[in-house]
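A note on names: the letters A, B, ... follow the listed sequences, proteins ahead of strands, and every chain is numbered from 1.
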Amino acid sequence: METFQSLLAKKLSDALAAAGLPDAGELTPATDQRFGDYQTNAALVLGKQRGENPRELAEKIIGHLNVGDLCEPPVVAGPGFINFTLRPGAIAEKTARILGDERLGVVETESPRRIVIDFGSPNVAKPMHVGHIRSTVLGDALARIATFLGHEVIRDNHIGDWGTQFGMVIYGWKNLLDQRALQQDPLAEIVRIYKETNALATSDPQVREACRRELVKLQGGDKENIDIWNECVAFSMQDFEHVYELLDIHYDIQCGESFYNDRLPGVVERLLKSGIAEISEGAVVVFFRDIPELADKPCIIRKRDGGFNYATTDIATIDYRLDDLKADSVWYVVGAPQTLHFKQIFEIARQQGYRADLRHITFGSILGEDRKLMKTRSGENVPLRGLLEEACRRARKIIDEKNPDLSEAEKIDVAQKIGIGAVKYADLSQYRMTDYVFSWEKMLSLQGNTAPYLQNAYVRIRSIFRKAGESWHRHPADEQVGWKPMPLQLGDSAEINLAKRLCQFAEIVPHVLNDFRPNILANYLFEVANSFHTFYEACPVLKSEEPVRGSRLALCDLTAKVLYRGLDLLGIKVPEKM
RNA sequence: GCGCCCGUAGCUCAACUGGAUAGAGCAUCUGACUACGGAUCAGAAGGUUGGUGGUUCGAAUCCUCCCGGGCGCGCCA
């Protein structure tokens, strides 16, 4: 199904051709309601190119525009914009058709790709903390949206389950472990011994050396150390799974760093053989002499002591994803501090001849109330699990106040949907590059541009349908077999605005992936909820007469569907009551 | 020192990638409750987009130089 935007873009293109003009400019939603619904700057661009008067060009283009079925007659405005205002009849017709479409008008991509999305990636022997929210929630939302648009998505959890920290964990396990504490709260005890060993190692060179030896034994396949490592990984995975269950985020594969161990020597060997890497000061290093930006920033892929580091692992990971998984594209949802690292390994991939689309999707840092960076290794981080449980507790408290009549089971379910939704939405509704100030109040506030506001709009609609009778009892997720689009009656400006908004869903969703910005979708959904509330105040639904009543119910129905689907694409659930 | 990112209303953030008079939400003020769920709605107030110079029909957006903040820069991940 074509969107208004794509329909008008085609008509514009036709008109330009008919006028003997080249394609130029773009057709976009109007920047302001006063300018109608859509606008094009084609005449401005052409005027500049050809040294002609833009307003005269605009008139000429309008003379060839054939949009009477969609719009009022287009008008020239300002320096030479052409403005389009949709006719209510066209909006009503489109709205009805979207209502009958399972995809709500969103067309699948014409060039589906296989995309590996690398997100989350917590470290073993450390609990997940607030710093993991952004990558996890953002990556999941992008995966959902890409899937909906017709791409084949592989969600990969690149767990940090290998590396020098295990020297310390194993040393601590052998020397500091408290068995009783391990049984009570395994991960907490592992974290404790890791932290204590870390402290010892910084002050005592002998401990540091002992940790290094444990690491070498682990890497050499020592049975005792491998067993300890396995246990630590298992305990950590249990903790991760609990968080993923709460978040309702699930992976297709979880190939952690250790998965690539036996591939590392081959990677280094191949890069040396092909001349991409060379030996420098005893280490194996890749230099980027031809790239000014990286010229003085070499990348070490084998340390002087023969050990591999995470650059080696990431190169092996790219090989695996492209050669074995046959990915066309890999998206790394990883914080901005690693920008240089990814530039390096992407460049190495390019030098090896890979032509896949590799993207580092960065995001800002999580800051504390003091506006300083929350440190990963400080040990003072807020555990993610506790944070999510706290969110649910706070949501529960509000539900108890606002809606005490719900059953206990409903309260538990609703509190989880609201609490988790609030945390996710807080992240997804803002531009990913800006730093995020962590704040309980901000995250859990149920006022304003928040998940609960959107959920409430949905709940109100569901409440209307509960009262409307049997024939309207379909759930928005249910299939609609045999739905016949019926003409809507759009009279009130609140109805027209809401309908236009709903038609834009198909324009917004694909746009999110242009720059990996779910906040565009979040803001759109907020506008939908806002338009709905305005409509809800201005236009009685159940009390109005047919055919207006049916038309308004249809509008409510589509609003519920758009909110349900839109929030689902963000990984946020909606309750039926709240 | 070099490189990357950021600076928008008192606060938290938008602005569909160069479009018209820069928009929301909190907070503040004024209205609307015998309510299709008020977790709402209508309205007011709030700005030299850090500063400067430039590019052009047009700049928060692009280029220059300053100011301020964050992050990174050979054997950690």
Side-chain angles (χ1 to χ4, degrees), chain A residues 5 26 28-32 34-35 39 41 44-45 47-48 54 77-81 83 121 123 160 162-165 257 280-285 292-294 296-305 307 309-311 313-314 335-341 343 362 364-365 367 371-373 376-377 398-399 401-403 418 426 429-431 433-437 439 441-442 445-450 452-453 455-457 459-468 507-508 511-512 514-515 517 519-520 523-524 526-527 530 533-534 536-544 552 556 577-578:
Chain A
Q5 189 167 8
E26 50 188 4
T28 58
T31 52
D32 192 298
R34 287 165 305 161
F35 305 135
Q39 63 183 40
N41 60 353
L44 290 165
V45 174
K48 187 173 185 176
F81 289 101
N83 291 339
S121 307
N123 287 324
W162 200 252
T164 44
Q165 80 267 25
E257 290 168 352
S280 166
E281 296 174 34
V284 180
V285 182
E293 203 183 338
L294 299 176
D296 59 343
K297 297 179 173 38
C299 177
I300 290 172
I301 59 172
R302 193 176 72 200
K303 298 187 283 185
R304 196 184 314 187
D305 67 6
N309 55 21
Y310 85 131
T313 307
D314 276 350
Q338 295 195 41
T339 301
L340 174 61
H341 166 71
K343 275 184 183 157
T362 61
S365 311
L367 307 179
R371 308 193 130 271
K372 286 185 179 171
L373 189 69
T376 315
R377 293 170 194 235
I398 297 163
I399 294 161
E401 285 169 23
K402 299 279 185 184
N403 204 345
I418 292 179
S429 62
Q430 66 189 60
Y431 180 48
M433 286 304 293
T434 53
D435 286 348
Y436 185 95
V437 177
S439 152
E441 289 307 313
K442 171 84 177 168
S445 167
L446 304 182
Q447 307 277 327
N449 185 7
T450 62
Y453 175 85
Q455 289 166 325
N456 181 49
V459 163
R460 282 180 147 189
I461 297 169
R462 300 301 295 158
S463 177
I464 289 175
F465 284 140
R466 276 194 295 275
K467 291 181 181 170
E507 297 171 6
I508 293 289
H511 187 57
V512 172
N514 287 350
D515 197 27
R517 293 173 60 167
N519 71 305
I520 291 174
N523 290 343
Y524 164 78
F526 176 69
E527 285 168 358
N530 208 15
H533 277 128
T534 300
Y536 181 88
E537 296 281 333
C539 305
V541 177
L542 295 176
K543 288 172 188 163
S544 56
R552 288 183 176 170
C556 288
K577 299 175 183 173
M578 63 193 282

* Measure from the side-chain heavy atoms of A:K577 and tell me the nearest of B:rG19, B:rA39, B:rG37. => B:rG37
* Structure fact -> Regarding the side chain of A:H533, the nearest nucleotide among B:rA15, B:rA20, B:rC41 is B:rC41
Where do N or O atoms of nucleotides 28-31 of chain B meet protein N or O atoms at under 3.5 Å, pair by pair?
none

[X] near the nucleic acid: base, sugar-phosphate alone, or nothing, with a heavy-atom cut-off under 4.0 Å?
X: A:P54; answer: nothing
X: A:F526; answer: sugar-phosphate
X: A:C556; answer: nothing
X: A:N41; answer: base
X: A:D314; answer: nothing
X: A:A336; answer: nothing
X: A:A77; answer: base
X: A:N403; answer: base
X: A:Q455; answer: nothing
X: A:E257; answer: sugar-phosphate
X: A:I464; answer: base

* Face-to-face stacking of A:F35 with B:rA20, centres under 5.5 angstrom, angle under 30° -> yes
* Asked: Hey, is A:Y310 doing a stacking thing with B:rC76, by the 5.5 Å centroid and 30° angle criteria?
  -> no
For [X], give me all partners under side chain to side chain contact (heavy atoms under 4.5 Å, CB included), at least two apart in sequence or on another chain.
X: A:V285; answer: A:S280, A:A283, A:F287, A:P298, A:I300
X: A:N519; answer: A:Y431, A:R517, A:N523
X: A:P540; answer: A:K543, A:R552

Please determine if a side-chain N or O atom of [X] lies less than 4.0 Å away from the OP1 or OP2 oxygen of [N].
X: A:K467; N: B:rC36; value: no
X: A:K297; N: B:rC73; value: no
X: A:Y524; N: B:rA24; value: no
X: A:S463; N: B:rC36; value: no
X: A:K303; N: B:rC76; value: yes

Distance in Å, [X] [atom1] paired with [Y] [atom2], rounded so as to fall on 0.5 Å steps:
X: A:Q455; Y: A:I418; atom1: CD; atom2: CD1; value: 5.5 Å
X: A:N123; Y: A:Q165; atom1: CG; atom2: CD; value: 6.0 Å
X: A:Q338; Y: A:T362; atom1: CD; atom2: OG1; value: 11.5 Å

Non-neighbouring partners of [X] that pass salt bridge (Lys or Arg N to Asp or Glu O under 4.0 Å), sequence neighbours left out:
X: A:E527; value: A:R501
X: A:D296; value: none
X: A:K297; value: none
X: A:E537; value: none

How many whole angstroms separate atom [atom1] of [X] from atom [atom2] of [N]?
X: A:M433; N: B:rG7; atom1: CE; atom2: C1'; answer: 13 Å
X: A:Y453; N: B:rC26; atom1: OH; atom2: C1'; answer: 14 Å
X: A:I398; N: B:rA39; atom1: CD1; atom2: P; answer: 12 Å
X: A:N519; N: B:rC16; atom1: CG; atom2: C1'; answer: 10 Å
X: A:Y536; N: B:rC41; atom1: OH; atom2: P; answer: 12 Å
X: A:L294; N: B:rC4; atom1: CG; atom2: C1'; answer: 11 Å
X: A:R552; N: B:rC36; atom1: CZ; atom2: C1'; answer: 12 Å
X: A:N309; N: B:rA77; atom1: CG; atom2: C1'; answer: 9 Å

* To do: Give a yes or no answer on whether the side chain of A:E507 reaches the backbone of A:Q5 with a donor-acceptor pair at less than 3.5 Å.
  =>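 Looks like yes, one N/O pair under 3.5 Å.
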* Structure fact -> Note, RNA chain B 5' to 3' with Watson-Crick or G-U pairs under 3.5 Å encoded as ( ), [ ], | and . gives (((((.(..((((.....[...)))).(((((.......))))).....((.((..]....)).))).)))))....
* Asked: Considering only the C1' atoms, how many Å lie between B:rC57 and B:rA20, rounded to the nearest integer?
  -> 12 Å
* Sticking with atom P, work out how far B:rC16 lies from B:rU21, rounded to a whole angstrom. =>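 My reading of the P atoms in B:rC16 and B:rU21 gives 16 Å.
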* To do: Establish whether the base of B:rA20 is bridged to the side chain of A:Q39 by a donor-acceptor pair shorter than 3.5 Å.
  =>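 Answer yes: a donor N or O sits under 3.5 Å from an acceptor.
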* A:Y310: side-chain hydrogen bond (donor to acceptor under 3.5 Å, both in side chains) partners, not counting sequence neighbours ->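 Checked A:Y310 against side-chain hydrogen bond (donor to acceptor under 3.5 Å, both in side chains); matches are A:H341.
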Every protein N/O within reach of nucleotides 42-47 of chain B N/O, cut-off under 3.5 Å:
{"unit_1": "B:rA42", "atom_1": "OP1", "unit_2": "A:T534", "atom_2": "OG1", "d": "3.0"}

* Asked: Which residues satisfy the ring-ring contact (aromatic ring centres under 6.0 Å, His included) test with A:Y536, sequence neighbours excluded?
  ->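 A:Y536 satisfies ring-ring contact (aromatic ring centres under 6.0 Å, His included) with A:F532 once adjacent residues are dropped.
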* Asked: Does a side-chain heavy-atom distance below 4.5 Å link A:I520 with A:Y524?
  -> no
